[in-house]
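Here the structure is laid out as structure tokens; the discussion comes afterwards.
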Amino acid sequence: MSKYNMRKKITLIGAGQIGGTLAHLIALKKLGDVVLFDVAGGVAKGKALDIAQSSPVEGFNISLIGTDNYEDTKNSDVIIITAGVPRKPGMTRDDLLGINLKIIKEVAEGIKKTSPNAFVICITNPLDVIVMALQKYSGLPKNKIVGMAGILDSSRFIYFLSQELEISTDKIKSFVLGGHGDTMVAMLDSTEVDGKKISQLVDEGKISKAKLDEIVERTKNGGAEIVKYLEKGSAYYAPAASGVEMAESYLKDLKKQLPCAAYLNGEYGVNDLYVGVPIIIGSKGVERVVELKLSKKEKQNFDHSIKAVQELFNSAKKIDPSL
Ligand code: A3D
């Protein structure tokens with residue numbers, strides 16, 4: 001709880017592109033007081049001050065501070081982690097994994113001491129493996145640590161479909177499961193447009209199978225498409241919006257069903273691994289993993305995705321055998 005007692009305290013570890021956008025969205029939505037934490041000099045302080053200076057214009061009345069001291073993050077209700085480094089030219093995936101594992105270990109130690117009761121949302125890549133490592137390093141309860149990826153991937157898929165079908169995004173229901181990356185699984189059998197199954201739209205000739213496959217591929221490469229345009233850095237507006245939806249569902253006990261990287265203990269036949277599945281987020285954290293019936297093809301793709309996450313986690317264990 002914040003110093004104002006009534007308001008919630010939300011800490012953002014990492015004040016880069018996503019961290020700054022998260023702070024801005026949280027302020028605009030008046031979700032709680034914000035602590036921006038970063039190891040890199042004044043970036044957290046500068047962004048917190050900049051956003052705070054918009055409060056008279058925007059009409060929000062929350063506190064925003066920047067810091068590089070974990071003491072200031074003490075007793076946070078929600079923590080959203082984006083601390084990490086992006087992949088640079090010449091860096092292998094394992095090099096990046098090694099660096100971000102070290103950063104996450106440091107973050108895990110910081111938050112377990114200061115905010116052991118927080119609901120923790122991880123965004124740092126490679127997502128599924130980093131969130132698993134975060135849980136292991138911190139020892140925080142598994143239902144209080146989740147990864148953000150599925151909401152973003154689903155949102156991208158729905159957006160692309162809406163553009164193709166020239167229909168509002170709120171008329172489309174769909175989601176993406178599995179690991180975050182090129183093995184993600186678009187749940188076509190559960191995709192509905194204005195109450196109709198997407199397969200029916202294909203049968204009616206409203207969208208071709210080839211176009212649908214192209215949209216699935218574009219979704220898988222959604223992050224890379226943006227990286228290519230930006231040249232420096234990766235997507236941050238949609239990732240931040242997705243993280244905020246998870247935080248809001250927890251803080252307001254909305255019990256929304258959201259696709260997130262959650263710890264599986266037998267669900268979907270998967271044991272001891274974080275993977276993207278639909279979960280209910282409420283005031284107790286991850287209140288339930290929703291088990292959907294997958295078609296044969298979806299199950300095959302899901303299993304392939306699990307294998308990819310497991311293999312990357314095995315690489316992480318080679319880098320740090322304590323995992
Ligand atoms: P960026 O703008 O580089 O911000 C990262 C921040 O982390 C920088 O300000 C660093 O100073 C800071 N940092 C580094 N080490 C530490 C540390 N030990 N403690 C605290 N802060 C530290 O990156 P970004 O905001 O664009 O992206 C952040 C992460 O999100 C990256 O790992 C991205 O790959 C990832 N990301 C994930 C998704 C998903 O869908 C899962 C989407 C987009 C980006």
Side-chain angles (χ1 to χ4, degrees), residues 11-25 35-48 66-70 72-73 79-88 91 93 95-111 114 120-134 137-138 146-157 176 178-184 219-227 229-246 258-262 274-276 309 312:
T11 286
L12 310 173
I13 310 276
Q17 298 285 47
I18 302 181
T21 312
L22 282 167
H24 196 199
L25 287 176
V35 179
L36 258 175
F37 175 102
D38 204 294
V39 288
V43 63
K45 283 196 171 81
K47 289 194 181 184
T67 185
D68 56 5
N69 184 347
Y70 273 102
D72 294 326
T73 73
I79 297 178
I80 309 182
I81 300 169
T82 59
V85 297
R87 195 154 132 187
K88 298 199 179 76
M91 212 188 244
R93 209 158 67 148
D95 292 340
L96 177 76
L97 181 59
I99 296 170
N100 282 351
L101 276 176
K102 267 200 197 129
I103 291 176
I104 276 312
K105 191 169 192 177
E106 196 183 301
V107 171
E109 278 156 13
I111 65 173
T114 45
V120 184
I121 299 165
C122 181
I123 303 186
T124 303
N125 270 323
L127 193 268
D128 307 272
V129 170
I130 291 292
V131 69
M132 177 97 171
L134 176 71
Y137 287 142
S138 67
V146 276
M148 186 297 292
I151 299 176
L152 172 65
D153 296 333
S154 308
S155 185
R156 283 177 174 155
F157 183 57
V176 168
H180 180 55
D182 51 14
T183 62
M184 68 180 72
T219 306
K220 286 183 184 175
N221 298 313
E225 184 179 358
I226 291 183
V227 168
Y229 282 125
L230 295 181
E231 292 179 4
K232 265 195 260 163
S234 52
Y236 50 100
Y237 293 112
S242 307
V244 168
E245 186 177 32
M246 293 164 74
L258 301 167
C260 305
Y274 268 86
V275 194
V309 175
L312 195 60

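All ligand and atom numbering here is 1-based and tracks the order in the structure. Note that the structure is a prediction, hence the values are computed from the model and not measured. In what follows, every heavy atom counts, from backbone to side chain, and hydrogens, waters and symmetry copies are set aside.
- In terms of protein heavy-atom proximity, atom 23 (O) of ligand 1 is nearest to Q17 N, 4.5 Å.
- Of the candidates I226, N125, D38, it is N125 that places a heavy atom closest to atom 38 (C) of ligand 1.
- With a 4.0 Å cut-off on non-hydrogen atoms, P239 touches ligand 1 through its side chain and not its backbone.
- Heavy atoms from both the backbone and the side chain of I18 come within less than 4.0 Å of ligand 1.
- Annotation for D68 and F37: closest pair C-CE1, 3.4 Å, computed over non-hydrogen atoms.
- In terms of polar-atom proximity, F37 is not counted as a contact of ligand 1, lacking any N or O under 3.5 Å from an N or O of the ligand.
- Closest non-hydrogen pair, A83 versus I103, comes out as CB-CG2, 3.8 Å.
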Intermediate values then yes/no, side chain to side chain contact (heavy atoms under 4.5 Å, CB included), L97 and L312:
CA-CA 9 Å; L97 181 59; L312 195 60; 4.1 Å; yes

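- At a heavy-atom distance under 4.0 Å, only side-chain atoms of H180, from C-beta outward, approach ligand 1.
- For the pair E106 and ligand 1, the shortest N or O to N or O distance falls below 3.5 Å.
- Taking a cut-off of under 4.0 Å to the non-hydrogen atoms of A40, the atoms of ligand 1 that pass are 11 (O).
- Every residue two or more places apart in sequence or in another chain that forms a side chain to side chain contact (heavy atoms under 4.5 Å, CB included) with T124 is listed here: I81, N100, I104, C122, I130.
- Residue-to-ligand polar distances keep N100 apart from ligand 1: every N/O pair is separated by 3.5 Å or more.
- There is a protein heavy atom closer than 4.0 angstrom to atom 21 (N) of ligand 1.
- For D72 (side chain) and G66 (main-chain N/O), no donor-acceptor pair under 3.5 Å exists by modelled atom type.
- A donor-acceptor pair under 3.5 Å links the side-chain atoms of S154 to the main chain of V176, judged by distance alone.
- Using a 4.0 Å cut-off between heavy atoms, L127 contacts ligand 1 through its side chain alone, with no backbone atom that close.
- Here the shortest heavy-atom pairing between V309 and G179 reads CG2-CA, 3.7 Å.
- In the candidate list S242, P126, A235, A235 is nearest to atom 43 (C) of ligand 1, counting heavy atoms.
- Taking each heavy atom of R156 and A235 in turn, the nearest pair found is NH2-CB, 3.5 Å.
- Polar contact with ligand 1: absent for Y70 (N/O pair, distance under 3.5 Å).
- By the side-chain hydrogen bond (donor to acceptor under 3.5 Å, both in side chains) test, N69 is found to be paired with no residue, residues two or more places apart in sequence or in another chain being considered.
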